[in-house]
A.B. asks: 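I am attaching a structure below and will ask some questions about it afterwards.
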Amino acid sequence: MAWTHRHLLGIAELSRDDILHVLDGAERWFDMERGDATHARVLHGRTIVNVFFESSTRTRTSFEVAGKRLGADVVNIALQTSSVTKGETLLDTVRNLEALRADALVLRHAASGAPHFVASATRTSIVNAGDGAHEHPTQALLDAFTMRRSKGRIDGLVVTICGDVLHSRVARSNALLLGALGAEVRLCGPRTLMPRHPEALGPTVKAFEKIEQALDGADVVMMLRIQAERLAGATIASTREYARTFGLNARVLAHAKPDAIVMHPGPINRGVEIDPRVADGEQSVILDQVEAGVAVRMAVLECVITAADAERARA
Ligand code: NCD
């Protein structure tokens with residue numbers, strides 16, 4: 001089935017076939033990259049603008065590298081240096097970028113729904129690079145890519161996601177995607193950092209209060225950072241207490257399957273949600289996730305820009 005979406009706003013808007021289309025497309029780019037192939041030119045002459053109104057290291061760089069490896073020109077805009085600080089609205093910023101004939105805008109914003117709002121008002125393709133506590137679709141796609149490469153499948157896997165689930169767009173997008181591909185999703189965290197209705201994230205989602213129980217028989221352990229920037233008021237007693245009850249160390253990890261992989265979207269807070277020895281240990285695929293991110297974003301950029309071309313050709 002062909003990909004027909006001009007924008008990538010969230011996993012919620014994708015079908016199972018859409019997800020597999022991106023993962024299979026990424027597989028091709030991943031092998032080409034590893035094979036040291038010369039840069040592809042499928043987006044030669046195209047312009048991609050990274051519009052980041054929240055901090056980012058991996059996601060922004062990954063989109064930039066992905067765009068450049070496809071031959072596109074990539075421009076970066078950060079909140080601190082944009083005219084938003086002079087009072088310009090997000091929509092006006094986007095309309096100006098559209099007037100510059102950008103082909104795609106990769107948008108990260110603190111407000112949930114910002115990319116959806118912008119997408120309804122522009123002809124330019126919008127790719128959501130994280131909107132508030134809502135969705136982070138390319139992160140979930142690169143996580144699925146990493147799981148599939150490591151475990152050979154997604155269907156039937158037991159994936160435990162632990163930490164600040166309530167404020168995590170990564171957890172939301174992952175729960176939606178993994179549910180669509182048939183994995184069992186277990187969510188675990190302090191009561192104050194858990195969603196009130198976890199089952200709303202999918203039929204295969206279960207909530208746990210103790211990390212040891214959540215990890216029992218898990219194939220994949222995904223740890224999350226406490227989203228301090230989204231916390232309104234105190235929600236944990238102390239980071240030391242948090243590390244003791246919800247941190248992943250070797251003792252706790254032993255509850256998962258012996259060949260379980262350890263994931264984290266980054267940035268990691270060493271000694272808080274994850275022990276450095278586990279983060280750097282044999283079961284960790286944290287840097288594999290980063291490598292996968294480039295191939296997945298190459299596939300996503302190719303998909304949305306090709307779909308926009310097809311839509312224009314039909315109009
Ligand atoms: C995540 C994000 O920004 O949502 N990071 C990322 O994109 N790799 C997770 C986080 O900030 O904790």
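Start at 1 with the first residue, then count along the sequence. For ligands, and for the atoms within them, numbers begin at 1 and follow the listed sequence. Side chains are part of it too, since the values below use all heavy atoms of this structure and drop only hydrogens, waters and symmetry mates.
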A.B. asks: Using the salt bridge (Lys or Arg N to Asp or Glu O under 4.0 Å) criterion, which residues pair with Glu302? Sequence neighbours excluded.
C.D. replies: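 Arg28.
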A.B. asks: Which atom pair, heavy atoms only, marks the closest approach of Phe52 to Ala129?
C.D. replies: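 Scanning both residues completely, I find the closest heavy atoms to be CZ-CB, 3.7 Å.
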A.B. asks: May I ask you to test the His264-Glu273 pair for a side-chain heavy-atom distance under 4.5 Å?
C.D. replies: yes
A.B. asks: Taking only residues two or more places apart in sequence, or in another chain, which ones meet Phe53 in a ring-ring contact (aromatic ring centres under 6.0 Å, His included)?
C.D. replies: His109
A.B. asks: Suppose we screen for side-chain contact (heavy atoms from CB on, under 4.5 Å). Which residues come up paired with Ile154, at least two apart in sequence or across chains?
C.D. replies: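 Ala144, Met147, Arg148, Leu178, Leu181, Ala183.
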A.B. asks: Find all protein N or O atoms under 3.5 angstrom from an N or O atom of ligand 1 and list the pairs with distances, or write 'none'.
C.D. replies:
{"unit_1": "ligand 1", "atom_1": "3 (O)", "unit_2": "Arg108", "atom_2": "NH1", "d": "3.3"}
{"unit_1": "ligand 1", "atom_1": "3 (O)", "unit_2": "Arg108", "atom_2": "NH2", "d": "3.2"}
{"unit_1": "ligand 1", "atom_1": "3 (O)", "unit_2": "Arg169", "atom_2": "NH2", "d": "2.9"}
{"unit_1": "ligand 1", "atom_1": "4 (O)", "unit_2": "Arg169", "atom_2": "NE", "d": "2.7"}
{"unit_1": "ligand 1", "atom_1": "4 (O)", "unit_2": "Arg169", "atom_2": "NH2", "d": "3.4"}
{"unit_1": "ligand 1", "atom_1": "5 (N)", "unit_2": "Gly266", "atom_2": "O", "d": "2.9"}
{"unit_1": "ligand 1", "atom_1": "7 (O)", "unit_2": "Thr59", "atom_2": "OG1", "d": "2.9"}
{"unit_1": "ligand 1", "atom_1": "7 (O)", "unit_2": "Arg108", "atom_2": "NH2", "d": "3.0"}
{"unit_1": "ligand 1", "atom_1": "7 (O)", "unit_2": "His136", "atom_2": "NE2", "d": "2.7"}
{"unit_1": "ligand 1", "atom_1": "8 (N)", "unit_2": "Gln139", "atom_2": "OE1", "d": "3.3"}
{"unit_1": "ligand 1", "atom_1": "8 (N)", "unit_2": "Pro265", "atom_2": "O", "d": "2.9"}
{"unit_1": "ligand 1", "atom_1": "8 (N)", "unit_2": "Gly266", "atom_2": "O", "d": "3.4"}
{"unit_1": "ligand 1", "atom_1": "11 (O)", "unit_2": "Arg225", "atom_2": "NE", "d": "3.4"}
{"unit_1": "ligand 1", "atom_1": "11 (O)", "unit_2": "Arg225", "atom_2": "NH2", "d": "3.0"}
{"unit_1": "ligand 1", "atom_1": "12 (O)", "unit_2": "Arg225", "atom_2": "NE", "d": "2.8"}
{"unit_1": "ligand 1", "atom_1": "12 (O)", "unit_2": "Arg225", "atom_2": "NH2", "d": "3.4"}
{"unit_1": "ligand 1", "atom_1": "12 (O)", "unit_2": "Gln227", "atom_2": "NE2", "d": "2.8"}

A.B. asks: Quick check: does any side chain N or O of Glu241 sit under 3.5 Å from a backbone N or O of Ile236, one acting as donor and the other as acceptor?
C.D. replies: no
